[in-house]
Amino acid sequence: MTQPSAEQYVESLLTRDEQLEQVKAGIRSRNMPEISIAPGYGKLLTLLVKMTGAKRILEIGALGGYSGICLTRGLGDGGKLISLELKQEYADVAHQHLINAGLGDKVEYRIGEALPHLQQLEDEGQKFDAFFIDADKGNYPNYLEFAIRLANPGAIILGDNALMHGRAMDEKQQGNAVTKMRQFNASMASDPRLEGVILPAYDGLAIARVR
Ligand code: DHB
Ligand code: MG
C-alpha cells in the first residue's frame, strides 16, 4: 500500500462536508469546470474570515459557489459577500448553492467582466475587509491593484492558483497568464503596501494583509 500524500493525509482528517459535497455534485452534473478550491483551503478561508472579523468580502470569480460558501460561513450577523462572476449561468448556480446552504441572504452577485465592476465599486466608495481572487489569471495584477484600493486597513487578500500547476516556477513558460501570475505572486510576497506569503500546497494560495 502506498503512503498517502501530505495533502491526502490532512484531508482525511477533515469531516465530510455535506453542503460542499452538494456544490461539487452540482458543478459536475452541469459539466462546469471541476476546479473549486481544495478542501483545506476552503476551511482556511472560513477561518481567516472568522479570525480577522471581516464583515465585508469581495470575491472575484464565483464558479459554483464553493469558495463563496466557505467565505460566507466565516461572516457574523450582518456580514456580506459581493461576488463578481463573468457568467450569469455560473452565478445562478453559485447563488442556488448558497441558498441551499442557508447563506443566500448574505451574498450579492454582479455579472460580467470584473474590471468594470471593480471600477464601479470604487466609484460607489465601497470598502472591503477580505478579498478572494480566483478568476482569469492574466488579470491578477489588475485585480490586486483594485483590491488594495478597495481595502480597509488590515484587510486580507487571497489569491488561488499561485503555482498554476507548476508553471509559475518553470522558466520555460512565458505566456501572458503565467507571467502575470509571477508578477502577482511577487507583489503578494514583497509589495511594501502588503505583508504576505505564498502557501505551496495544492495549487498554491497567496495570502497578504494590507498594511
Ligand atoms: C484551474 C484551476 C483553478 O482553480 C482555476 O481557478 C483556474 C484553472 C485549472 O486547474 O486549470
Ligand atoms: Mg482557482
Side-chain angles (χ1 to χ4, degrees), residues 5 7-8 10-11 14 17 20-21 23-28 30-49 57-74 81-91 93-94 97-98 107 109-115 117-118 130-144 146-147 156-170 172-185 187-189 196-208:
S5 69
E7 288 159 2
Q8 287 167 336
V10 170
E11 260 178 49
L14 298 176
D17 190 315
L20 295 179
E21 290 300 329
V23 173
K24 292 211 273 204
I27 286 174
R28 198 174 310 123
R30 292 175 180 86
N31 290 314
M32 290 166 62
E34 295 186 49
I35 54 169
S36 299
I37 51 163
Y41 283 162
K43 198 86 179 271
L44 180 61
L45 296 189
T46 306
L47 286 172
L48 285 170
V49 172
I57 309 173
L58 180 64
E59 173 180 68
I60 306 175
L63 189 62
Y66 189 106
S67 55
I69 288 178
C70 295
L71 291 164
T72 308
R73 277 177 176 170
L81 170 71
I82 294 185
S83 182
L84 310 185
E85 171 54 48
L86 182 63
K87 300 186 179 187
Q88 180 75 56
E89 173 201 350
Y90 288 4
V93 172
H97 285 144
L98 267 83
V107 64
Y109 291 93
R110 296 192 180 193
I111 317 304
E113 293 283 344
L115 288 173
H117 281 305
L118 291 164
F131 300 84
F132 181 56
I133 302 171
D134 193 10
D136 50 318
K137 310 312 171 201
N139 269 316
Y140 268 39
N142 295 328
Y143 296 154
L144 178 57
F146 265 111
I156 53 171
I157 302 176
L158 306 157
D160 190 34
N161 309 106
L163 301 183
M164 293 183 71
H165 298 286
R167 281 185 280 151
M169 57 277 199
D170 178 354
K172 293 192 292 298
Q173 300 282 339
Q174 291 299 333
N176 179 61
V178 69
T179 303
K180 294 291 173 56
M181 185 62 83
R182 285 188 196 116
Q183 187 187 329
F184 171 82
N185 287 340
S187 298
M188 289 292 277
V197 70
I198 318 289
L199 305 185
Y202 298 106
D203 198 25
L205 184 74
I207 304 187

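Reckoned from all heavy atoms, side chains included, excluding hydrogens, waters and symmetry mates. Start at 1 and go down the list; that is how both ligands and their atoms are numbered.
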Discussion item. Whether the side chain of Y41 engages the backbone of A201 through a donor-acceptor N/O pair (distance < 3.5 Å, no angle test) should be reported.
Written reply: yes
Worksheet entry | Heavy-atom donor-acceptor pair, T46 side chain to C70 backbone, under 3.5 Å | yes
Fill in: Steps toward side chain to side chain contact (heavy atoms under 4.5 Å, CB included) verdict (Y143, L118)
CA-CA 8 Å; Y143 296 154; L118 291 164; 3.6 Å; yes
Worksheet item: More than 12 foreign heavy atoms under 6.0 Å from CD of E7: is that the case here?
Response: yes
Fill in: Set of residues satisfying ring pair (Phe, Tyr, Trp, His ring centres under 6.0 Å) with respect to F184, sequence neighbours excluded
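Partners of F184 under the ring pair (Phe, Tyr, Trp, His ring centres under 6.0 Å) test: Y140.
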Which donor-acceptor pairs under 3.5 Å do the side chains of residues 161-170 make with protein atoms, sequence neighbours left out?
from : atom 1 : to   : atom 2 : distance (Å)
N161 : OD1    : K137 : NZ     : 3.0
N161 : ND2    : D203 : OD2    : 2.8
D170 : OD1    : K172 : N      : 2.9

Discussion item. With rounding to the nearest 0.5 angstrom, report the CD1 to CE distance, I198 to M188.
Written reply: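 Output value for this atom pair is 6.0 Å.
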Fill in: Under-2.8 Å protein N/O/S neighbours of the Mg ion (ligand 2), ordered by chain then residue number
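Counting only protein N, O or S atoms under 2.8 Å from the Mg ion (ligand 2), the list reads D134 OD1, D160 OD2, N161 OD1.
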Discussion item. What verdict does the side chain to side chain contact (heavy atoms under 4.5 Å, CB included) test give for H97 and K24, after you've listed the backbone C-alpha separation in whole Å, the side-chain angles of each residue and the deciding distance to 0.1 Å?
Written reply: CA-CA 10 Å; H97 285 144; K24 292 211 273 204; over 6 Å; no
Nitrogen or oxygen contacts under 3.5 Å, ligand 1 side and protein side:
from     : atom 1 : to   : atom 2 : distance (Å)
ligand 1 : 4 (O)  : I35  : O      : 3.3
ligand 1 : 4 (O)  : D160 : OD2    : 3.1
ligand 1 : 4 (O)  : N161 : OD1    : 2.9
ligand 1 : 4 (O)  : N161 : ND2    : 2.7
ligand 1 : 6 (O)  : D134 : OD1    : 2.8
ligand 1 : 6 (O)  : K137 : NZ     : 2.8
ligand 1 : 6 (O)  : N161 : OD1    : 2.8
ligand 1 : 10 (O) : H165 : NE2    : 2.6

Worksheet item: If every non-hydrogen atom of I111 is compared with every non-hydrogen atom of H117, which pair is closest and at what distance?
Response: O-NE2, 2.8 Å
